[in-house]
S.K.: 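The structure under discussion is supplied below as structure tokens; questions concerning it will follow.
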Amino acid sequence: MRHSDGSFSEPAFRSAFREDIAQARETRGVEPLAVARDQRQVTNTISRELETVNYFENATAQNSSQFDVQNRLNRAGLSCAVTTASGQQVGGGYLLKGFYQTYVEDGENITYYETEEQLAQSMTTSLLTPNSSAERQELSATIYAPNATTHSIGIYRTADNVIYVAYVVC
């Protein structure tokens, strides 16, 4: 959905993000995830804090327990654990950063997401595309785990259209 004033619609982004995850699970024969509204306060708080501490450019913050999503949910009295196909008990906490209606150059390419749907698709693709990282493969497995039943998306947008997302699968 393109807005003539350049504004960002959190509901449109959430809807597109959820739909992308649901489609990915469906292709694997797994039921869609229900929305865990009780977790949204925690994920929204984390997404705001990502910007506050400059998380993606700050190695100290990246190693801080402050951004351990499972720990934060537990402290809020919420439990979240998923057993992957390999039998490993994990919690799926994902931290993402994107740019809405902003040109970004990475040395080879220039990207520009004009709609919430395009940005959501870019972020979900990065979650669902396995790479060599064992951690990323484990996290992707969590999204596809048949016993994962809920998810929550926390979103924070800065004045210059940087979008921070804290996403959890339980």
Side-chain angles (χ1 to χ4, degrees), residues 1-27 32-33 35-37 39-70 72-73 91-140 142-144 150-170:
M1 168 185 301
R2 188 174 195 308
H3 304 278
S4 59
D5 65 356
S7 65
F8 178 79
S9 169
E10 284 189 22
F13 178 84
R14 275 182 212 285
S15 177
F17 196 101
R18 284 189 205 117
E19 182 61 30
D20 289 345
I21 296 293
Q23 286 177 359
R25 285 178 58 90
E26 184 179 333
T27 62
L33 299 167
V35 176
R37 297 195 193 291
Q39 297 171 356
R40 187 170 301 164
Q41 182 176 353
V42 173
T43 56
N44 278 339
T45 298
I46 292 170
S47 64
R48 277 190 307 277
E49 292 172 356
L50 292 172
E51 190 267 341
T52 303
V53 301
N54 199 21
Y55 177 84
F56 292 95
E57 288 78 32
N58 182 336
T60 302
Q62 291 174 17
N63 293 317
S64 166
S65 64
Q66 173 183 1
F67 294 100
D68 180 334
V69 176
Q70 296 309 310
R72 297 284 290 272
L73 288 169
Y94 309 84
L95 305 175
L96 304 161
K97 177 181 178 181
F99 301 88
Y100 179 69
Q101 295 187 347
T102 304
Y103 289 97
V104 178
E105 185 174 357
D106 68 5
E108 293 181 22
N109 302 304
I110 296 175
T111 55
Y112 182 85
Y113 302 109
E114 187 170 349
T115 67
E116 292 86 346
E117 293 81 3
Q118 290 170 341
L119 180 59
Q121 183 176 33
S122 170
M123 288 184 163
T124 56
T125 297
S126 75
L127 284 177
L128 300 170
T129 304
N131 65 22
S132 60
S133 160
E135 180 181 16
R136 177 53 60 90
Q137 290 176 4
E138 176 186 306
L139 293 174
S140 291
T142 305
I143 291 173
Y144 293 122
T150 64
H151 63 162
S152 180
I153 306 163
I155 303 166
Y156 180 72
R157 179 183 64 90
T158 67
D160 56 348
N161 283 332
V162 177
I163 310 299
Y164 293 92
V165 174
Y167 178 63
V168 64
V169 177
C170 297

S.K.: Return the minimal non-hydrogen interatomic distance between T102 and D160, and the atom names on each side.
M.R.: OG1-O, 3.8 Å

S.K.: Would the distance check show the side chain of T45 and the main-chain N or O of Q41 forming a donor-acceptor pair, the cut-off being under 3.5 Å?
M.R.: yes

S.K.: Could you check if a side-chain atom of R40 sits within less than 4.5 angstrom of a side-chain atom of S152, using non-hydrogen atoms only?
M.R.: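 Of all side-chain heavy-atom pairs linking S152 with R40, at least one is under 4.5 Å.
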
S.K.: Going by side-chain hydrogen bond (donor to acceptor under 3.5 Å, both in side chains), name the residues that satisfy it together with E19, two or more places apart in sequence or in a different chain.
M.R.: Q23

S.K.: Just by modelled atom types, is the P11 backbone N or O under 3.5 Å from a matching donor or acceptor in the S15 side chain?
M.R.: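 Side chain of S15 to backbone of P11, a donor-acceptor pair under 3.5 Å: no, none is there.
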
S.K.: Quick one: CD1 on I163 to CZ on F8, what's the gap to the nearest 0.5 Å?
M.R.: 4.0 Å

S.K.: Return the CD1 to CD1 distance between I21 and I143, rounded to the nearest 0.5 Å.
M.R.: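 I21 CD1 to I143 CD1: 4.5 Å, rounded to 0.5 Å.
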
S.K.: Looking at S7 and Y100, what are the two nearest heavy atoms and their distance?
M.R.: O-OH, 3.3 Å

S.K.: Could you check whether any side-chain heavy atom of K97 comes within less than 4.5 Å of a side-chain heavy atom of L50, counting everything from C-beta outward?
M.R.: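 The answer is no, as the side chains (C-beta and beyond) never meet within the 4.5 Å cut-off.
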
S.K.: Are any non-hydrogen side-chain atoms of Y113 and M123 less than 4.5 angstrom apart?
M.R.: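 Counting from C-beta outward, Y113 and M123 never come under 4.5 Å.
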
S.K.: Might you point out which heavy atoms bring R48 and Y156 nearest each other, and give the distance in Å?
M.R.: CG-CD1, 3.0 Å

S.K.: Could you pull out all residues at least two apart from R14 that satisfy salt bridge (charged side-chain N to carboxylate O under 4.0 Å, His left out)?
M.R.: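 Per chain and number, R14 pairs via salt bridge (charged side-chain N to carboxylate O under 4.0 Å, His left out) with E10.
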
S.K.: For a quick test of reading the model, state the closest non-hydrogen atom pair linking L95 to A166 and the distance between them.
M.R.: CD2-CB, 4.0 Å

S.K.: Could you give me the CA-CA distance, side-chain angles and deciding distance for T142 and Y94, then say whether side chain to side chain contact (heavy atoms under 4.5 Å, CB included) is met?
M.R.: CA-CA 11 Å; T142 305; Y94 309 84; 3.7 Å; yes

